[in-house]
Amino acid sequence: MNNDSQALRPHVDRLAGHHILVTGAASGLGLAIARRIVAEGARVAICDLDAAGAEAAAETLGDMAIAIPLDVTSEGDWQRCCDQVRSQWGRLDGVVNNAGITTMGSIEELDVADLRHELEVDVIGVFLGCKAGIALMKTTGGSIVNMSSAAGLKADPDLVGYNSAKAAVTMMTKSVALHCARSAYGIRCNSVHPGIIRTPIVDKVLSQVEDPEATLAAFLSVHPIGRMGTPEDIAAITAYLLSDESRFATGAAFSIDGGMTAL
């Protein structure tokens with residue numbers, strides 16, 4: 001086993017007894033996170049707009065997973081989701097607000113309709129997820145992990161909508177963390193800021209540009225470490241933030257980006 005594989009080995013039973021909700025978990029980064037936390041002993045709610053995909057993903061994880069259809073932009077869906085969690089588990093210990101989209105475009109290119117959609121999914125979706133997490137965990141404590149991005153810390157001229165959305169998530173996370181600390185809920189809230197991770201979202205971005213090969217080369221070049229990230233890289237830090245090992249971490253932004261924001 002090489003050093004990278006050794007470092008990414010799950011900490012068996014670190015999350016034993018935990019019940020965790022992950023949005024956008026039918027595929028890509030969300031599914032990698034779900035697999036990681038199940039490997040560490042947690043039960044997971046696979047929440048996704050793709051109901052069939054969520055069911056299929058949950059089946060691969062056996063009796064440690066349940067599937068819940070969820071449009072993260074819908075207050076009604078979040079209420080139904082919370083009701084199901086209470087009914088099946090009786091408690092919740094963690095929320096991972098992972099669902100998101102990436103829309104390419106500069107300030108002159110991006111349509112206002114596309115910007116609104118970006119903000120609805122990436123900002124309103126996280127806002128509602130934080131509210132739901134607090135409602136379910138305020139008497140027992142827990143951890144909220146919001147998936148931001150290196151783009152929430154470093155601007156790109158062709159990502160005006162995505163930069164705006166992920167920057168909002170960064171500051172929302174800090175505000176939520178301070179509120180929960182002031183209220184003595186025992187709920188921590190942190191953001192994770194991945195670099196470019198090779199997931200279906202990256203493939204969708206590549207399909208939107210005129211020269212996918214040049215764009216892919218550019219994606220690689222912005223990481224001093226010399227590669228794009230993997231979903232497993234992000235799943236590892238997320239599992240840590242959900243665990244009691246990170247009990248003193250709240251309101252923090254964790255950059256897992258191969259050195260991108262250090263440039």
With the threshold set at 4.0 Å, does a side-chain nitrogen-carboxylate oxygen contact exist between E245 and R14?
yes

So, D93 and R91, do they make that salt bridge, N to O below 4.0 Å?
yes

Between A168 and V123, the two heavy atoms sitting closest are CB-CG2, 3.9 Å

Does G24 offer a backbone N or O that forms a donor-acceptor pair with the side chain of N98 under 3.5 Å?
yes

Taking atom OG1 of T102 and atom NZ of K204, what is their separation to the nearest 0.5 Å?
8.5 Å

Below 4.5 Å, heavy atoms only, C-beta onward: do P224 and L263 meet side chain to side chain?
yes

Just by modelled atom types, is the D156 backbone N or O under 3.5 Å from a matching donor or acceptor in the N163 side chain?
yes

Could you measure the distance from the CD atom of E118 to the CG atom of D111? Nearest 0.5 Å is fine.
13.0 Å

Checking side-chain polar atoms at under 3.5 Å, does T170 have a donor or acceptor matched by the opposite partner on S191?
no

K154 NZ to S149 OG distance, which is reported to the nearest 0.5 Å
11.5 Å

Is the shortest heavy-atom distance from the side chain of T103 to the side chain of L110 under 4.5 Å?
yes

Distance col, row I237:CD1 vs S255:OG, nearest 0.5 angstrom, shows 10.5 Å

State, yes or no, whether a side-chain contact exists between N146 and N190 at a heavy-atom distance under 4.5 Å.
no

What's the separation between atom SG in C81 and atom CD1 in I68, rounded to the nearest 0.5 Å?
4.0 Å

Working for side chain to side chain contact (heavy atoms under 4.5 Å, CB included), residues L128 and E75:
CA-CA 7 Å; L128 292 174; E75 291 183 79; 3.6 Å; yes

Between R36 and A239 the two heavy atoms that sit nearest each other are CG-CB, 3.8 Å

Should the pair R247-D244 be classified as a salt bridge under the 4.0 Å nitrogen-to-oxygen rule?
no

With rounding to the nearest 0.5 Å, note down the distance linking CZ in R35 to CG in L61.
7.0 Å

Does a side-chain heavy-atom distance below 4.5 Å link R198 with L216?
yes

Are the side chains of I134 and I144 in contact, using a 4.5 Å heavy-atom criterion?
yes

Name of the residue among D71, D83, T23 meeting side-chain contact (heavy atoms from CB on, under 4.5 Å) with W78:
T23

Side-chain ion pair, R116 and E120, N-O less than 4.0 Å:
no

